[in-house]
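Below is one structure, written out as structure tokens; comments come after it.
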Amino acid sequence: MFSLARFHSPARWLLPACLALLTGCAGVKVSSIQPSDYLAQRRADVLTSGQLSPATRESLRVMGSESKPCLADASACRDQLRSSAGLTDEQRLSALSELWAKQAMDQERETPGSAIAAWLESARYAWAYLFFTERSPSERAFEDRQTQVRDYYNYAAQQAVTGLFKHRDELSVELPTDLDELHGDRIRWQQWQLTVELSGLRQPAHRVLPQELVAAASLTFSGLRNIYRRDGFGAELVAVFPPPPEAAGPDPRWGRMQGPPYQEALFPAITALLQFEGSNLAQVLATQALSVRLMDPYRQSEVKLAGNRVPLAGNFTSGYGLWLARSGFSTQAVRSLLGMGNGIVQPQIYLMQPYDPDRRVVVMLHGLASSPEAWINVANEVLGDELLRSNYQIWQVYYPTNAPLALNHHAIREALTETLQHFDPDGKAPASHHLTLVGHSMGGVLSRLMVSSTQGQLLNAMTTELELELSASAKRQLEGHLSEYLEFEPFPQVDSAIFIAAPHRGTGFASNRLARWVANLITLPISMVEQFTDVARAVANAAPRTGKQGLLRIPNGIDNLSDKDPFVRAAAELPISSKVRYHSIIGIDNPKLPLEESSDSIVPYSSAHLAGAASERIVPSGHSVQEQPQSIVEIRRILRSQLQPQ
């Protein structure tokens, strides 16, 4: 008979203990995780976490291994993966690409530059997975694993191409300085045969070998709000080219440029692709030959790889940011204003990308004591818009803001004319028509002069203002010299303009004590003054009627922005071409004031306002209103509207 008394012995605990033990040994447990942990578990890999991805660990377990022993003997592990019958081609190839990437990263940490071969192998297996397995890329379009493997390919291509360029002295031949000689050549590196393909690349006109190839992903910038890029295939790079030899003057510290007044982009965006030879999986895995294709992401948004149309990756910010970071513009602009060494004495036009005959041109002109850095975010945001990037190219004018408005206007016209004639001698390309001027502050005043007609008004106003006793012949001589700067018609290729915080009627700020003190510090360089020699000589030979000797002084940039300056007052009355559609963006720093009494702390609304503007946008801001998000949105709106049929 069963008795409870038996459980008073030690054996009475045996059954409950066994039951507890059996319960505690349950084979599967479940718990909840946060969304961030879920994504980390699914998408973490060697590039994001430094650890093998769940997909690769799964493949290792299928063939009876784990991450730690596999990485301890990576060569044997890869051999086992290649021969394992329990894996699909997609599993095998994606895991091999990641394992080679892991080995390359480890080698780079130990000895920089030693991992090129491993990066090439990683790219090869990614290439095989992407294009030579049973399913096409489009059939895997929504799979995380394909995105990971594409990233392995892109990063491996980036590291291999930049590594090969950095260690180009180890190639079988010395790379020629002329890129045309490099195109299509077979180059040997260790056991690999490389062919360089440049047909998709638009380089600067002098087509020399870059000084550097910089990985765009390795760059971070302060001062830029956004990094604009396009997702797709290929390594996003910045090519750093040397200035053309004809642009280097004997003393560049003084801004004396011996060559043309324009400069193509010396920091262009480039996308690099590695294409492995072979028309099937076996051939791709056996080949030791590949093509290095360098492409312009501005010109092409997609590319054909192994019979598949795929998006071409591109980074549209890093080249621009690197150019600005290395330019030294901020210091040079102030030195230019004060007429010191290391400044500039004549305008230069910088193309933000290699010239494209099929894109309209936006010409940006900065303000007083400034430089192309004034457009840091404006230019970046315009080129970040896919529609605008496809239809426009940006040219930035860098000019000495200490020079008189008349001289700068004349020189900028000449520089822009020469630039257009150089790139399009026949004047038939779309880039030579429908130019848009965007000018901030002094640049806005210069932009207005570019689209205005003097019809003798400016010349009459200035000769009258001089109040000189002149004979008829002396007056004709003086007017002949002045007419070069004071007689002009609207620039024919311009049909739109955006004036931003432009003191069309001058500003009282230019007459205050601080501004006058700065103006008195300004010394025009001899090379700039020499351009007025004939005018100065003609004036010196005449006598002023009322003893206004002060008028004989050559005005500087600050002088010309005063609301009392005769030149800017006369220029404000000039008619704007009826063919030009113009817009105003005006800052006000105190929205509580009536509009007519407001200003941006520098330029009054009454000076910036222009009757007849197609649009006028008021933005709460100080004088640097061009950098405000509302202003950038407005600029983008205007540029987009210009693409619509009129």
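Basis for what follows: all heavy atoms, side chains included, without hydrogens, waters or symmetry-related copies.
- Under the 3.5 Å distance criterion, with hydrogens and angles disregarded, a donor-acceptor pair is assigned to the side chains of Arg78 and Gln103.
- Judged purely by distance below 3.5 Å, without hydrogens or angles, the side chains of Ser291 and Thr195 never pair a donor atom with an acceptor atom.
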Exercise for review: Begin with the C-alpha distance, continue with both residues' side-chain angles, and end with the deciding distance and a verdict on ring-ring contact (aromatic ring centres under 6.0 Å, His included) for Trp323 and Phe329.
Suggested key: CA-CA 10 Å; Trp323 173 64; Phe329 283 144; 5.3 Å; yes

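- A salt bridge links Lys102 with Asp106; the closest basic N to acidic carboxylate O contact falls under 4.0 Å.
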**OP:** Take Glu121 and Arg82 through the test salt bridge (Lys or Arg N to Asp or Glu O under 4.0 Å) and record every step on the way to the result.
**Re:** CA-CA 13 Å; Glu121 291 293 353; Arg82 279 190 287 266; over 6 Å; no

Test log, rule salt bridge (Lys or Arg N to Asp or Glu O under 4.0 Å), inputs Glu381 and Arg636: CA-CA 8 Å; Glu381 297 293 327; Arg636 291 166 72 164; 3.3 Å; yes

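- Counting only N and O atoms by type, the side chains of Arg109 and Ser114 include no donor and acceptor under 3.5 Å apart.
- A 4.5 Å side-chain heavy-atom check between Leu281 and Leu93 finds at least one atom pair inside the cut-off.
- Sorted by first and then second residue, the salt bridge (charged side-chain N to carboxylate O under 4.0 Å, His left out) pairs involving residues 233-243 (not counting sequence neighbours) are Arg229-Glu236.
- Under a 3.5 Å cut-off, the side chain of Gln393 and the backbone N or O of Tyr355 do not form any donor-acceptor pair.
- Checking side-chain atoms of Ser122 against main-chain N and O of Ala118 turns up no donor-acceptor pair under 3.5 Å.
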- Are Arg150 and Asp231 close enough, and set up right, to give a salt bridge (Lys or Arg N to Asp or Glu O under 4.0 Å), and what steps lead you there? CA-CA 10 Å; Arg150 184 211 60 190; Asp231 231 4; 3.7 Å; yes

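- Gln644 contributes no side-chain N or O that, together with a main-chain N or O of Ser641, makes up a donor-acceptor pair within less than 3.5 Å.
- Ser53 and Arg145 share a side-chain donor-acceptor pair at under 3.5 Å.
- When only modelled atom types and interatomic distance are considered, Asp45 and Thr48 share a side-chain donor-acceptor pair under 3.5 Å.
- Between Arg637 and Glu634 there is a salt bridge, since at least one side-chain N of the basic residue sits less than 4.0 Å from a carboxylate O of the acidic one.
- Glu98 and Tyr152 form a side-chain donor-acceptor contact under 3.5 Å, judged by distance and modelled atom types alone.
- Thr133 and Asp89 form no side-chain donor-acceptor contact under 3.5 Å, judged by distance and modelled atom types alone.
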